[in-house]
Amino acid sequence: MTRQFENKVALVTGAGSGIGRAAALAFAREGARVVVVDIAEVGGMETVKLIEEGGGQAIFARCDVSSRHDVEAMVKRTVETYGRLDCAFNNAGAGVLTSTTDCTEEAFDLAVRVNLKGGWLCMKYEILQMEKQGGGAIVNTASAAGVVAQQGHSPYSGAKAGLIQLTKVAALESGEKGIRVNAVSPGPIRTPMLEPLLNDPRIKEHITKNVPMHRAGTPEEVAATALFLCSDAASFVNGAIVPVDGGKTAGFLRQ
Ligand SMILES: NC(=O)c1ccc[n+]([C@@H]2O[C@H](COP(=O)([O-])OP(=O)(O)OC[C@H]3O[C@@H](n4cnc5c(N)ncnc54)[C@H](O)[C@@H]3O)[C@@H](O)[C@H]2O)c1
């Protein structure tokens with residue numbers, strides 16, 4: 001049976017953990033050669049090992065997505081190693097969760113650097129490569145907190161909202177070049193970023209009251225949506241921000 005991403009090359013940022021790791025493994029299972037991108041070497045190498053143990057092909061590229069030098073070098077290395085770039089899942093993020101008044105200048109800069117500038121830099125160099133090939137698919141990881149404002153998430157909500165607009169602008173600019181750009185917008189997902197908070201009774205109550213499905217999602221559920229958006233099955237989907245949030249941003253539940 002032909003696998004969905006046979007003969008394709010996919011890069012995934014933030015692939016050393018959580019949603020990114022789940023997506024890197026899923027791309028590899030579907031036949032893609034995968035570039036595992038992360039700032040953290042240990043997690044990234046572990047993802048490569050897991051892919052190889054499953055019979056897949058992958059390399060690790062250490063990269064801080066907020067560094068122009070790193071991102072340019074990472075896309076160059078992808079092409080030098082595997083010859084092309086078909087799919088990019090720009091998923092690395094920093095969960096800087098603090099209120100408007102508590103937020104420090106350093107925390108604000110970190111949120112914007114990783115979540116907003118990182119998304120822009122990745123798209124810039126990926127699109128330049130995809131233009132040379134005549135096509136490709138890009139998916140960014142936004143957040144429910146970027147779709148609706150979230151109390152106590154000031155710099156994170158602001159940066160993810162900005163990433164949503166960057167996604168739409170890139171989709172408008174790149175559609176005629178055969179490059180589709182979309183985003184997934186996760187609600188609460190059980191990953192190392194959220195896991196420490198999931199035992200907090202207030203977070204449990206927040207999920208019960210605000211997520212119609214009354215549970216956190218899994219990294220695999222977000223990865224499956226990202227792969228769909230990268231696949232030919234989504235060949236006319238461009239500029240979409242797809243919620244993977246159990247219905248959290250659909251409206252308000254009766255309290
Ligand atoms: N977990 C959630 O509930 C949730 C909800 C909405 C959105 N998100 C978004 O999903 C994405 C993945 O998060 P996760 O929950 O899997 O978290 P995670 O902490 O498990 O994984 C994030 C990965 O990104 C890497 N990373 C951080 N800064 C980086 C940088 N500057 N350059 C390269 N890599 C970097 C980390 O090393 C880590 O491996 C993030 O963009 C996050 O904002 C998560």
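In what follows, residues are counted from 1 in the order of the sequence shown.
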Can you find a heavy atom in the side chain of P212 that is under 4.5 Å from one in the side chain of L253?
-> yes
Applying salt bridge (charged side-chain N to carboxylate O under 4.0 Å, His left out), name anything that partners R77, two or more places apart in sequence or on another chain.
-> none
Please confirm whether the backbone N or O of Q4 pairs with a side-chain atom of E30, one donor and one acceptor, at under 3.5 Å?
-> yes
Is E53 atom CD crowded by more than 12 heavy atoms from other residues, nucleotides or ligands, each under 6.0 Å away?
-> yes
Heavy atoms, side chains only, cut-off 4.5 Å: are N182 and V242 in contact?
-> no
Check whether any side-chain N or O of T13 sits under 3.5 Å from a backbone N or O of A92 as a donor-acceptor pair, and report yes or no.
-> yes
Is the closest basic N to carboxylate O distance between K177 and E131 below 4.0 Å?
-> yes
Tightest non-hydrogen contact, residues R84 and T78, listed as O-CG2, 3.8 Å
Any side-chain heavy atom of T98 sitting closer than 4.5 Å to one from P155?
-> yes
Any side-chain heavy atom of L85 sitting closer than 4.5 Å to one from V35?
-> no
Of V211, I203, L197, which is the lone residue that meets side-chain contact (heavy atoms from CB on, under 4.5 Å) with P188?
-> V211
Could you list the residues that satisfy salt bridge (charged side-chain N to carboxylate O under 4.0 Å, His left out) with D64, not counting sequence neighbours?
-> none
Between R29 and E220, is there a salt bridge with N-O shorter than 4.0 Å?
-> no
Quick one: do K76 and E72 make a salt bridge, cutoff under 4.0 Å?
-> no
Short question: side chain of N238, backbone of A171 - any donor-acceptor pair under 3.5 Å?
-> yes
